[in-house]
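Contents: one structure, followed by commentary.
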Amino acid sequence: MLFAIAWDASSSWSLAVSILPILLKGLWVTLQATVVGFLLAMAFGLVLAGLKSVPLKIVRWPAKLVSEFLRDTPLLVQLFFLYYVLPDYGLLLPAFMTGALALGLQYSAYMSEVYRGGLEAVGSGQREAARALNLTPVRTFTHIVLPQAVPRIIPASGNYLVSIMKDVPVLSVVTVLELFGVARIIGDRTFNYLVPLSMVGALYLILTILAAWAVRTLDQRLPKHGIALR
Amino acid sequence: MSSQTPASPDQTPARPLVRFSKVTKRYGEHTVLDDLDLDVAAGEKVTIIGPSGSGKSTVLRILMTLETLTDGLIEIDGEPLWHERRGDQLKPASEAHLRKMRGQLGMVFQQFNLFPHMSVQRNLTEAPRQVLGLSRKEAQSRATELLERVGLADHANKYPGQLSGGQQQRVGIARALMMRPRVMLFDEPTSALDPELVGEVLHVIRTLADEHDLTVLMVTHEMSFARRFSDRVCFFDKGRIHEQGTPEQIFTDPREARTREFLRAVLEPDV
């Protein structure tokens, strides 16, 4: 018995069929962690990108330092730090949330660069024209710069979404029962690692192919010159 | 050296609409504008010519408040542009003051700088609606009228990417005029165009400038247009007005050797 599900080890195929439901439950957790991590990365990334573009050095430099630190230290180390150190300071999060937070933090550094690249790709001429027409800075950002930056931000974001999905197995070390964690436990119990791990690989392959296809389709459908405003 | 004084202040009793007084612009060690004096009277059409790097475009960019000045004073109709009077003193201008002053100026850019994600109509109506508070109907009727004037009445619903360079620049001109500016700044409006499209844009500039009695400050390399269009031509070199005068005088009888040299290089290139 595993998670109240019996497995049938008489043949590889029967084992595969019998563990599929529990693997799919793990897959569901993987997808949840991916989505929550990605949303956190988008939010933190926007904040970081904003702070990194503040003219004041006293704000900009710490933001750059944090961003550099998040990118240049291993996800596993950051995750352990959050999971084992934060509770000492009174912040006790469930394993899943800690994992999603670690993913969100690490990828916020990458996302901040995506935002920055997308915003900088909108030429200075656009901002100058808006200024010459006396549009407010807020209106310029929301109606001139952002609609032109979003089509450049989305494809790169999609690639990081796939990357986050592939990093979710790291969460298994802090007891999150995502796809890979479940497969490893099945391997431990059945002494058959080949079947569950192959299935993890196959499921990941399907997911990444689907995601890559979705990103490509989206990219092709995005307007080249920005989101049309009527 | 050349005449550093404005054309002739005594002959124009009304105060100039635009006045540059000892304006200097430096980037680090590099001086782009060097103690520049320049007056433009209301309704006057002034063309700035000169070699690249002589500070021509910087004059327009500082006036449009796209770049700050290092030193000196710019006034529009007697009111400081980059400064505010507080009592007897001149303090650096607040953003509110800059916004107010900017409203009197319109600019046409070398690269058009149309908003590519907005229809031609929206390019024209966005700022009047947001900044001037025009209703949709008012803004649209003003846009329709101006698009007709620049010969693009049928293109209101197209996007800039669907237009030729000449058409795009005509939209750029209409967009700037939508704000009803007192002074129009043209920064090399035809330099990015294919040669066969230059004429239509210059024609529109000329027609509209005459009809609306616009005050124009234009940087251009189109010498024959400068000659026909301007009331005054300023030859810029090394961040100063090296020589200025009527188009007739500058193009037929330049006094300065540097001006002659430049005009010869531009009008009769040695090939």
Side-chain angles (χ1 to χ4, degrees), chain A residues 46 49-50 53-57 59-60 114-158 215 217-230, chain B residues 57 60-61 63-67 95-96 98-133 136 156-162 168 171-172 175-181 183-187 192:
Chain A
L46 192 59
S53 62
V54 168
L56 285 175
K57 278 183 189 166
V59 179
R60 196 174 66 227
V114 171
Y115 288 123
R116 212 179 55 151
L119 293 174
E120 278 176 6
V122 179
S124 60
Q126 292 290 308
R127 281 169 245 251
E128 289 182 353
R131 191 169 159 88
L133 290 166
N134 241 339
L135 292 173
T136 63
V138 172
R139 184 80 186 178
T140 301
F141 183 76
T142 57
H143 282 68
I144 307 296
V145 176
L146 206 56
Q148 294 183 62
V150 166
R152 303 168 213 258
I153 289 171
I154 286 178
S157 311
V215 169
T217 310
L218 192 62
D219 193 20
Q220 282 163 356
R221 284 177 177 236
L222 283 173
K224 257 182 287 169
H225 298 297
I227 294 164
L229 297 177
R230 292 216 161 255
Chain B
S57 289
L60 301 190
R61 293 176 56 79
L63 190 52
M64 194 66 254
T65 71
L66 301 178
E67 280 177 46
E95 183 56 31
L98 288 177
R99 282 182 67 78
K100 191 186 83 185
M101 298 304 286
R102 227 183 265 140
Q104 308 182 51
L105 306 160
M107 187 155 179
V108 173
F109 297 87
Q110 184 177 356
Q111 301 293 339
F112 328 137
N113 295 353
L114 298 181
F115 305 129
H117 59 299
M118 292 182 179
S119 66
V120 167
Q121 165 127 318
R122 180 74 190 258
N123 263 278
L124 265 60
T125 56
E126 170 72 12
R129 293 198 61 197
Q130 293 302 317
V131 179
L132 306 180
R136 177 188 292 265
N157 294 316
K158 291 194 179 161
Y159 283 82
Q162 298 170 290
Q168 288 188 53
V171 174
R175 183 177 68 174
L177 285 173
M178 285 290 288
M179 305 297 280
R180 303 248 165 104
V183 185
M184 277 289 281
L185 313 177
F186 292 90
D187 187 9

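Each chain gets a letter, A, B and so on, in the order the sequences are listed, and its residues count up from 1.
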(request) Heavy-atom pairs under 4.5 Å with chain B are the metric here; pick the option from P151(A), A132(A), G226(A) that has the most. (result)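 Heavy-atom pair counts peak at A132(A).
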
(request) For the residue pair H117(B) and P223(A), establish whether any side-chain heavy-atom pair is separated by less than 4.5 Å. (result)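 A side-chain contact under 4.5 Å is absent here.
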
(request) Among L105(B), V131(B), L98(B), find the residue that satisfies the side chain to side chain contact (heavy atoms under 4.5 Å, CB included) test when tested with N134(A). (result)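 Going through the options one by one, the only one that passes is V131(B).
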
(request) Check for a donor-acceptor pair, side chain of Q126(A) on one end and backbone N or O of L114(B) on the other, with a separation under 3.5 Å. (result)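 Yes, Q126(A) side chain to L114(B) backbone: donor-acceptor pair under 3.5 Å.
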
(request) Verify, without hydrogens or angle tests, whether N113(B) (side chain) and G125(A) (backbone) share a donor-acceptor contact under 3.5 angstrom. (result)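 Yes, because the side chain of N113(B) sits within donor-acceptor range (under 3.5 Å) of the backbone of G125(A).
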
(request) For each of M179(B), Q111(B), E126(B), M178(B), tally heavy-atom pairs with chain A at distances under 4.5 Å, and name the one with the top tally. (result)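 Ranked by contacts with chain A, first place is E126(B).
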
(request) Name the member of R99(B), M107(B), M118(B) that forms the most heavy-atom pairs with chain A at distances under 4.5 Å. (result)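 Among R99(B), M107(B), M118(B), the one with the most close pairs to chain A is R99(B).
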
(request) Look at atom CZ of R60(A) and say whether more than 12 heavy atoms of other residues, nucleotides or ligands are closer to it than 6.0 Å. (result)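 Enclosed.
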
Using non-hydrogen atoms and a 4.5 Å limit, figure out which bit of [X] sits close to chain A: side chain, backbone, both or neither.
X	value
F115(B)	both
T125(B)	neither
R175(B)	both

(request) To the nearest 0.5 angstrom, please state how far the CZ atom of R129(B) sits from the CG atom of L135(A). (result)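 R129(B) atom CZ to L135(A) atom CG measures 12.5 Å (nearest 0.5 Å).
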
Is [X] in contact with chain B via its backbone, its side chain, both, or neither, using a 4.5 Å heavy-atom distance?
X	answer
L133(A)	both
R131(A)	both
T136(A)	both

(request) Decide yes or no on side-chain contact (heavy atoms from CB on, under 4.5 Å) for E128(A) and E67(B), but give the supporting numbers first. (result) CA-CA 10 Å; E128(A) 289 182 353; E67(B) 280 177 46; 5.8 Å; no

